[in-house]
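Report on one structure; see the data block that follows.
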Amino acid sequence: MDWQALALSVKLSLMTLVFLLPIGIFFGRWLAYRRFIGKSLLQTVLALPLVLPPTVLGYYLLVLFSPNQGLGLWLANNFGTTLVFNFEGLVLASIIFNLPFAIQPMQRAFASIPSEIREAAACCGMRPSTVLWKIELPLAWPGIVSAMVMCFAHTLGEFGIVLMVGGNIPAETQTIAISIYDSVQSFDDQSASIMSFSLLMFSMLTISFTYWLSERSSHTHV
Amino acid sequence: MSDSSIHINLQQQQPIPLQVELQCKSGELLALVGPSGSGKTTVLRAIAGLYQPQTGHIECQGEVWQHSSQQIFRQAYQRHVGLVFQNYALFPHMTVLENIQQALTDIPQSQRREQAFELLKKVHLDGLEQRYPKKLSGGQQQRVAVARALARRPKVLLLDEPFSAVDQVTRRKLYRELLSLRQSLAMPIILVTHDLEESTLLADRIALLHKGEVLQTGTPEYVSAHPHTATVARLMDQQNLFTAQILEHNASTQTTRLRWRGVELQASYQPQFPVNTKVCWMIQSANVLLHRRDRPSNGDKENPLQGTIIEYLESNGLSQLLIEVDAELKVNIALNVPLHVGKRNKLRENEKIGISLLTEGIHLMPYQSLRRET
Amino acid sequence: MKKLYLAILLLTFNHLALAAEIPVIAAAASVKFALQDIAQEFTRDTSKKVRISYSSSGNLTRQIQQGGPFEMFLSANSHYIDQLYQQHKTLDQGVIYALGRLVLLTHKNSKIQLDENLAGVKQALQDGQLKRFAIANPIHAPYGVAGKEVLHSLGLWELSRPNLVLGENIAQAAQFTSSGAAQAGLISYSLALAPVLKNRTQFILLPANLHQPLQQSMVLLNKAGETSKLFFNYLQQAKARNILSRYGYSAP
């Protein structure tokens, strides 16, 4: 068991969540509540990672952030950093790749709150930020949690994008999925099988938890 | 403008047409009545600040809530409105007490619990403070919604068909409670309903809404007896609505003569309608007199008609009759008599009977086609 | 909730600070086992650590070009290092530290005959015994290029082409062969000598004149720090050379 790779994977997943929680809530709410021109286009773009091959996304990220030109060059000159072949680049790639897994369940959760309840909250004198905090978030919480759990599990297993944008750098971009790949190539079947089995078990736990949560939330609603 | 009332003026073409001008004084209960789709809920939401019409001027107890020409529009949470939603919209993840406390943000934290209890008592729900909304009956939920609306110390109380989701028995109970609660409320109350009977029972004044336009306001009795147009009459559920032609106005006798299906009728003097033009007219059931064999009266002489009883129904202590009148074309007139009268006169279907249309009761309105509107 | 957030942020930055200390070295997959042993000795001798990222030489070259954090590069040929030198990514032109060799590898129980001119392979291709033949991808792996050259030299390229399965790097090609997914493969000598493979495979060393010399080269990159420079020198000293020869590398 490659503990370093596992720790790295866990850190990557958690960092991704730190960003995806506010992003998911923002877009989930916006798409749930409002109708506007270009809404379907936005929804399509945000759902792309569901069907887009990871290598395509990886390719575009490489093109965008390669420090030899464009944005990558600007970053290198002004901040001395890059967003390829390092942990930060992976976090960025992971955030983009998980957008639909975060946004869609949250959108559903917010959409299932009857608009009258939010209006009643306004009539009680609550300003919009209070309505979000006291009414919307508690009611949407099961959906938000299950979105976060899915993103965590999904990030843990990311492979194609990590390989393309992160490379295989121990303690930097060598996630547990890469480590399994590495072990196979090193003829270390024992490590490979231990890590694979652990990930399998973890994935099962995640899915069960998500289903359990959605069962529960269907009872607490009006 | 008077300070303790609410003044509402809304104008809009798209997407929902609105042409509304209303006033409601403090302590007065105004019912917004109309069929579904007439815009009643939209008006209520506009008053609450949940909907912004194109042009509007809303002023309540001296505060300007909307003034389009001055670009003023106060958001719902900035207005002190109490709104009771049709489905109550209670917060499902909070107890009854917590629901009410959400509206008590104006008073200091320490006093909130006590205030909430007071309000619960006012709506007769003490003892239920720890319950969650899904464990309450419809009537109980409605009371919580009312308590929460009142907790806001609103400048106007708005009720959106608050009784439509409960059964008859509970409804009657809630009517009584609302009426008694009213005594202690020093604010205008606006009730939206499609139920005419409910509006007659509860309201001081009604405003009749049709396709976004306020057609007439007044006391329920007045609007019922003196509808401005045939549309209003129909919306007030008047069954005896017909067309006729003016024959003559006689100022000395204070009567107006009409020709109706080959029959001449005498109505009260209403000279605003030119002679020889067509008009619509109506008469309330209460102003149609039955010729009683056992007890003839003077009223029998006014506009007497002969006919056959084609429908006889007993309900609610009344005998409801539909008479087919012998005239040029068959036409039906509806009237009610007390049940005992019906029984004593042995009224039943196919009986030949005489009726009189009281002169004072014939109310004239501008002509419009009475074809059934889809 | 906010506390959880802060904790996660702190953890990550902490991790990043630590990681920055240990240099990253890019190394061709073929030198994996040898280099791992050398790195262990290096740490034992100097108490300094290195992190090594293995992939095909072509792949690593690309990553270096795109700004990867590597401080040193061990390539399976000198061509890629020349390229990087032209692109000003390196401190100098680098050195050739060893010569690599190619072997024909089959599973221990395989019936395919092992011989230097691949007559057994030819036979197996013709009678259908050899269905999949593994080499590294010639596009970005030097050992793949060498494999292709060998097949051309022996006139077997056209015959074997439909049966070729390309490993993403030489290690993957070796893995295909050792697992039996490919019945035979052209693999680096260094990998064939690795202890893990000894038990399950058999091989024969192929004559060096069948392919262009596999000049194993290494170079310090622009980002090279103290530790990397130390390691670079260490690799040219006696201990490292012994380990390299144990894995079949000959002196340049």
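Note that the structure is a prediction, hence the values are computed from the model and not measured. Here is the naming used below: chain letters follow the sequence lines, and residue numbers restart at 1 for every chain.
The local environment of CE in A:Met150 is sparse, with at most 12 non-hydrogen atoms from other residues, nucleotides or ligands closer than 6.0 Å. In A:Tyr60, the OH atom is not crowded: 12 or fewer heavy atoms of neighbouring residues, nucleotides or ligands sit closer than 6.0 Å. Environment of CZ in B:Phe117: crowded, with over 12 heavy atoms of neighbouring residues, nucleotides or ligands closer than 6.0 Å. In the displayed structure, B:Gln13 atom CD is contacted under 6.0 Å by at most 12 heavy atoms of other residues, nucleotides or ligands. The number of heavy-atom neighbours closer than 6.0 Å to CD of B:Glu63, taken from other residues, nucleotides and ligands shown, is above 12. Dense packing is recorded around NZ of A:Lys39, with more than 12 heavy atoms of other residues, nucleotides or ligands lying under 6.0 Å away. Within a 6.0 Å sphere centred on CZ of A:Phe197, heavy atoms belonging to other residues, nucleotides or ligands number 12 at most. Atom OH of A:Tyr59 sits in a sparse spot, with 12 or fewer heavy atoms from other residues, nucleotides or ligands closer than 6.0 Å.
Between B:Ala48 and A:Cys123, the shortest heavy-atom contact is CB-SG, 4.5 Å. Nearest approach of A:Lys134 to B:Met94, heavy atoms of both residues: O-CE, 3.8 Å. Nearest heavy-atom pair, B:Leu90 versus A:Ile117, reported as atom, atom and distance to 0.1 Å: O-CD1, 3.6 Å.
Residues A:Cys124 and B:Phe91 are in side-chain contact: their nearest non-hydrogen atoms beyond the backbone lie under 4.5 Å apart. Considering only heavy atoms from C-beta on, B:His93 comes within 4.5 Å of A:Ile135 through its side chain.
The structure places CD of A:Glu116 at 8.0 Å from CZ of B:Arg45, a figure rounded to the nearest 0.5 Å.
Contact residues of residues 73-82 of chain B toward chain A are B:Ala76, B:Tyr77, B:Val81 (heavy-atom distance under 4.5 Å).
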